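Here's the structure we're looking at; comments come further down.
Since this is a predicted model, take the numbers as computed values, not measurements.
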Amino acid sequence: MELEHKIATIVVDMQDFFLNKFTDEKRNALIQNQLKVIDCCITQKIPLIFLEYKNRGMTTSLLMKTVKDNSYDVEIIVKNSNGGFTDTKLDESLKE
């Protein structure tokens with residue numbers, strides 16, 4: 001089995017609701033680091049999942065723009081609680 005079929009990257013709660021709790025400097029650093037991870041996923045064709053907390057908005061626009069600009073398929077999974085595996089299809093998606 002090829003490497004890209006054994007790994008995936010999950011970006012968790014990178015929504016403005018959560019990011020706005022940080023200083024501008026910290027928030028920008030977090031976003032820039034996530035952009036590096038996303039770029040690696042795109043380059044290496046690693047499956048990418050955005051895990052979002054329900055009713056807290058979408059993953060921040062800079063991350064969404066990056067995947068859209070690269071026409072990269074990202075799966076968005078919405079969670080209703082703190083646990084990403086509780087009442088979501090995350091486990092099923094990772095098994096695929």
Side-chain angles (χ1 to χ4, degrees):
M1 190 178 262
E2 294 180 32
L3 181 60
E4 63 261 19
H5 297 291
K6 292 185 180 183
I7 61 175
T9 298
I10 305 170
V11 177
V12 181
D13 295 342
M14 285 294 289
Q15 298 158 272
D16 291 330
F17 174 85
F18 297 107
L19 292 171
N20 287 337
K21 296 177 181 181
F22 295 101
T23 64
D24 288 346
E25 182 179 353
K26 182 69 170 181
R27 181 174 50 253
N28 290 335
L30 287 167
I31 291 171
Q32 290 306 310
N33 286 331
Q34 290 295 322
L35 287 171
K36 290 176 188 175
V37 170
I38 290 169
D39 184 55
C40 178
C41 290
I42 292 169
T43 302
Q44 299 298 317
K45 297 183 172 97
I46 297 169
L48 182 58
I49 299 169
F50 288 167
L51 189 59
E52 300 174 343
Y53 206 99
K54 184 178 181 177
N55 298 326
R56 299 297 185 210
M58 294 184 69
T59 298
T60 195
S61 60
L62 287 172
L63 304 185
M64 293 298 289
K65 182 178 181 334
T66 298
V67 295
K68 287 180 182 178
D69 286 352
N70 287 281
S71 300
Y72 198 72
D73 189 31
V74 61
E75 182 173 6
I76 298 174
I77 296 177
V78 177
K79 60 183 181 154
N80 295 309
S81 64
N82 291 334
F85 289 96
T86 305
D87 296 323
T88 69
K89 61 179 186 170
L90 182 58
D91 190 51
E92 177 184 322
S93 293
L94 291 173
K95 286 178 182 176
E96 287 178 16

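With sequence neighbours left out, D73 forms a side-chain hydrogen bond (donor to acceptor under 3.5 Å, both in side chains) with no residue at all. Residues passing the side-chain hydrogen bond (donor to acceptor under 3.5 Å, both in side chains) test with K89, sequence neighbours excluded: E75. In this view, K26 satisfies the salt bridge (Lys or Arg N to Asp or Glu O under 4.0 Å) rule with no residue, not counting sequence neighbours. Looking at residues two or more places apart in sequence or on another chain, you find no side-chain hydrogen bond (donor to acceptor under 3.5 Å, both in side chains) involving K68. Residues forming a side-chain hydrogen bond (donor to acceptor under 3.5 Å, both in side chains) with N55 (at least two apart in sequence, or on another chain): none.
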Can you list the steps and then say if F22 with N28 is a side chain to side chain contact (heavy atoms under 4.5 Å, CB included)?
CA-CA 9 Å; F22 295 101; N28 290 335; over 6 Å; no
Derivation and outcome, side chain to side chain contact (heavy atoms under 4.5 Å, CB included), residues I42 and T66:
CA-CA 10 Å; I42 292 169; T66 298; 4.3 Å; yes
Check against side chain to side chain contact (heavy atoms under 4.5 Å, CB included), Q15 and Y53:
CA-CA 8 Å; Q15 298 158 272; Y53 206 99; 3.7 Å; yes
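Taken together through direct or relayed side-chain contacts under 4.5 Å among Ile, Leu, Val, Met, Phe, Trp and Tyr, F18 and L62 form parts of separate hydrophobic clusters. Under the 4.5 Å side-chain heavy-atom criterion for Ile, Leu, Val, Met, Phe, Trp and Tyr, L63 and L30 are members of the same hydrophobic cluster. When the side chains of ILVMFWY residues are joined at heavy-atom separations under 4.5 Å, either directly or via intervening members, I76 and L19 end up in a single hydrophobic cluster.
Here L94 is tied into one hydrophobic group with I10, V12, I49, L51, I77, F85, L90, each link being a pair of ILVMFWY side chains closer than 4.5 Å.
Counting only heavy atoms from C-beta outward, the side chains of M58 and M64 approach each other to under 4.5 Å. In this structure, the side chains of V11 and L48 come closer than 4.5 Å at one or more pairs of heavy atoms.
Atom CD1 of residue I46 and atom NZ of residue K6 lie 13.5 Å apart, to the nearest 0.5 angstrom. The OG1 atom of T60 lies 14.0 Å from the CZ atom of F17; values are rounded to the nearest 0.5 Å.
Checked by atom type and distance alone, the side chain of T86 never pairs as donor or acceptor with a backbone atom of N82 at under 3.5 Å.
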Give every donor-acceptor pair under 3.5 Å between a side-chain atom in residues 31-41 and any protein atom, sequence neighbours left out.
unit_1	atom_1	unit_2	atom_2	d
N33	ND2	A29	O	3.2

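The number of heavy atoms from other shown groups lying within 6.0 Å of CG (D87) does not exceed 12.
Residue pairs meeting the salt bridge (Lys or Arg N to Asp or Glu O under 4.0 Å) criterion with at least one member in residues 10-22, sequence neighbours excluded: D13-K79. Pairs of residues two or more places apart, or lying in two chains, never qualify as salt bridge (Lys or Arg N to Asp or Glu O under 4.0 Å) while including a residue from residues 46-64.
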